[in-house]
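Index from 1, following the sequence. Bear in mind that the values here come from a model prediction, so they are computed numbers and not experimental data. Reckoned from all heavy atoms, side chains included, excluding hydrogens, waters and symmetry mates.
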Amino acid sequence: MARFLAPSFSGFQRSWVRPDIVAGLAVWAVLVPESLAYATIAGVPPVVGLYAAVPALALYAIAGTSRQLVVSPMSATAALSAGIVASVAGADGDPVALTTALALATGIVAILAGLLRLGFLAAFISEPVLKGFIIGLALTIMIGQVPDLIGVEGGHGSFFEKTWALLGQLGDIDPLTITVGLASLAALVLVRRTMPFLPGSLVVVLLAIGATILLGLGDRGLAVVGHIDAGLPQVGVPDVTAPQFAELLGGAVGLMLIGFAEGLGAAKTYAARWGYGVDPNRELIGLGVSNLGSGFLSGMVVNGSLSKTAVNASAGARSEISALTAAALTVLTLLFLTGVFDQLPLATLAAVVVAAVVELIDVRALRRLWHVRTGRLAHVYQVTARADFMAAGAALLGVLIFDTLPGLVIGIAVSLILLLARTSRPRITVLAPVGDEPGRPWVDAERNPGYQAVPGVLAVRVEGPLMFANAEYVRAGVRELAEHAPGLRLVVLDGRATPSIDVTAAAMLVQLRSDLQRDGSDLALAEGIGQVRDVLARVGAQGEPPLFTTLDDAVQS
């Protein structure tokens, strides 16, 4: 456990301190009002969001591996938290205590997953799935901010339901709200393009608060954050029964999955930009201790925030100092500054969030996946060419139609199904030798039509593992190629692209050799697949194909 909690300030440089502090200010300016809003979504007093933010920021900086990730309350997990708590509370339960207990339960589940090294499960969330998930989540966050941006009530449900509700309320747009919202959005874009060295989010937030106070916009009907209770939270365990806590554990697994997926997606996105890596197991531990800290300090469920991480990175954050700065400022806010944010327009807050997440809608990535699908070699790699784009699209549409957790599950399910399809239909490549010299290379005959096969020999390569899922497909494919090879005397299987083989596939090779021998040819194995002989020996197969060191040795035999 101790090694998971080791400080993660790897590669820290002194020159990062100033931009990190500036980024922390920007995160703080967005985090405080957002945390208040997300607490309301979770069905608890707004100040609970601030209680959660402080331990989450500080503990993740110690336990996590991302330099830019901001862990705090988030809209998706806040909404799911409200539903879980409502189902457990019934008529007598205390929503605040249950919300805090749910944070503890989520922390326990995440820490156990990290200690059991279940971070490898992230490998089943492919990059295209993560990309589709992030784009869908960014669109969902944006559409959720539009009502505050233009001054309408908005709607509930999926992305499309919210969009339809907004279209029906276009006639009710509040002129003052949309003016403030669009002006804030324009100011953010202007500051970023003309003065990128300034923390645009902080500048715009402070200007909006000042304008609201000086012009009395709150009295004219402009929606503002409103009163925030001051003071630090109580430390302790929430007052819930053991049966209630047990009921919360099931929902905590779903919250952990969503939080892990969003946090890991954001962490990997910005780690790739800055050239370092993230450890999924440490990310689970970081998520877990953040939620434990939030639960013990009367907070709510937290996770890696896509929107605030975008704000953090765009403001120039290079290390965890930015998160610690935001945590310290949040403590000061709880003690002395809650009144400052009373007059922050919700339209300005919405503009900051929209400007932060719009850059995460990576249409270019989807276009690249589509071009792979329709590119020059799509006919060669038919399953592979379609798989990544379909997986990304499934995750994206799943989030937009069915919400965050179902969208993630759908994306993973489609990715696994396509992986099985890809594995069950590996490409069988016909090889041709280059030249006549000993040790000559053998190349893909389809890609290199200038090279001719050896008369009477069919050299093939199966590009993937040989296993029960594809054994019959490979057997049928090789037999079909053999039927169209004139004067065939020998089929040689090049094993360099076949990393593994199971018992079913070993038996298939014996059967394939028998099939070829009945037709007047034979089967041999070559090039680094000694494991095949080992498996054949273990299963006690009779008539196994001979194994040669090189393709040329097999041909000369």
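- In this structure a side-chain-to-backbone donor-acceptor pair under 3.5 Å is missing from D522 to L490.
- K131 contributes atom NZ, which lies 11.5 Å from atom CD1 of I361 (distance to the nearest 0.5 angstrom).
- Among residues two or more places apart in sequence or in another chain, the side-chain contact (heavy atoms from CB on, under 4.5 Å) test is passed with L516 by A482, V491, L512, S521, L523.
- M256 contributes atom CE, which lies 11.0 Å from atom CD1 of I258 (distance to the nearest 0.5 angstrom).
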For this session: Start with the C-alpha gap between D553 and T550, add the side-chain angles, then the distance that decides, and say whether side chain to side chain donor-acceptor pair (under 3.5 Å) holds.
Result: CA-CA 5 Å; D553 289 344; T550 67; 3.2 Å; yes
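- For R318, there are no side-chain hydrogen bond (donor to acceptor under 3.5 Å, both in side chains) partners at least two apart in sequence or on another chain.
- At least one side-chain heavy atom of L481 sits under 4.5 Å from a side-chain heavy atom of V430.
- With salt bridges taken as basic N to acidic carboxylate O contacts below 4.0 Å, one links K308 and E34.
- Nearest heavy-atom pair across G254 and L80 is C-CD2, 4.4 Å.
- Heavy atoms of other residues, nucleotides or ligands lying less than 6.0 angstrom from CZ of F402 number 12 at most.
- The pair E446-R427 counts as a salt bridge, with a side-chain nitrogen and a carboxylate oxygen less than 4.0 angstrom apart.
- F468 has its side chain out of reach of M508: every pair of non-hydrogen atoms, C-beta onward, lies at least 4.5 Å apart.
- Here the closest heavy-atom approach between residue A63 and residue I285 is recorded as CB-CG2, 4.4 Å.
- The CG atom of L551 sits 5.5 Å away from atom CH2 of W442, with the distance rounded to the nearest 0.5 Å.
- Under the side-chain hydrogen bond (donor to acceptor under 3.5 Å, both in side chains) criterion, T106 pairs with no residue at all, not counting sequence neighbours.
- Rounded to the nearest 0.5 Å, atoms CG (D279) and OG1 (T65) are 6.0 Å apart.
- Across every non-hydrogen atom of S322 and R67, the tightest pair is OG-O, 4.4 Å.
- Scored by the side-chain contact (heavy atoms from CB on, under 4.5 Å) test, Y451 finds A432, V434, V443, N448 as partners (sequence neighbours excluded).
- Under a cut-off of 6.0 angstrom, the local environment of CZ in R273 is crowded, with over 12 non-hydrogen atoms contributed by other residues, nucleotides or ligands.
- Summarising the geometry of L69 relative to A266, their closest heavy-atom pair is CD1-CB, 3.9 Å, with the distance given to 0.1 Å.
- Other residues, nucleotides and ligands place no more than 12 heavy atoms under 6.0 Å from the CD atom of E480.
- Atom CZ of R192 is surrounded by more than 12 heavy atoms from other residues, nucleotides or ligands within 6.0 Å.
- Taking all atoms of both residues into account, the shortest heavy-atom contact from P426 to V462 is CG-CG1, 3.9 Å.
- Between T325 and D20, the closest side-chain pair of non-hydrogen atoms is not below 4.5 Å.
- Residues that satisfy the side-chain contact (heavy atoms from CB on, under 4.5 Å) test with L116, not counting sequence neighbours, are L118.
- Side-chain contact between V302 and M74 is absent, with no heavy atoms from C-beta onward closer than 4.5 Å.
- Salt-bridge formation is detected for the pair D444/R447: a Lys NZ or Arg NE/NH1/NH2 atom is positioned less than 4.0 Å from an Asp or Glu carboxylate oxygen.
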Problem set entry | Check against side chain to side chain contact (heavy atoms under 4.5 Å, CB included), L366 and L396 | CA-CA 10 Å; L366 293 180; L396 170 59; 4.2 Å; yes
For this session: Step by step, work out the side chain to side chain donor-acceptor pair (under 3.5 Å) result for Q511 and D515.
Result: CA-CA 6 Å; Q511 183 62 51; D515 296 338; 3.1 Å; yes
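- Taken from CG in L400 to OG in S158, the straight-line distance is 8.0 Å, to the nearest 0.5 Å.
- Counting heavy atoms from C-beta on, the side chains of L525 and F548 never come closer than 4.5 Å.
- Qualifying side-chain hydrogen bond (donor to acceptor under 3.5 Å, both in side chains) partners for R364, counting only residues two or more places apart in sequence or in other chains: none.
- Closest heavy-atom contact between Y276 and S66: OH-OG, 3.5 Å.
- Atoms CG and CZ, on N470 and R475 in that order, are 13.5 Å from each other to the nearest 0.5 Å.
- Checking side-chain atoms of R496 against main-chain N and O of E527 turns up no donor-acceptor pair under 3.5 Å.
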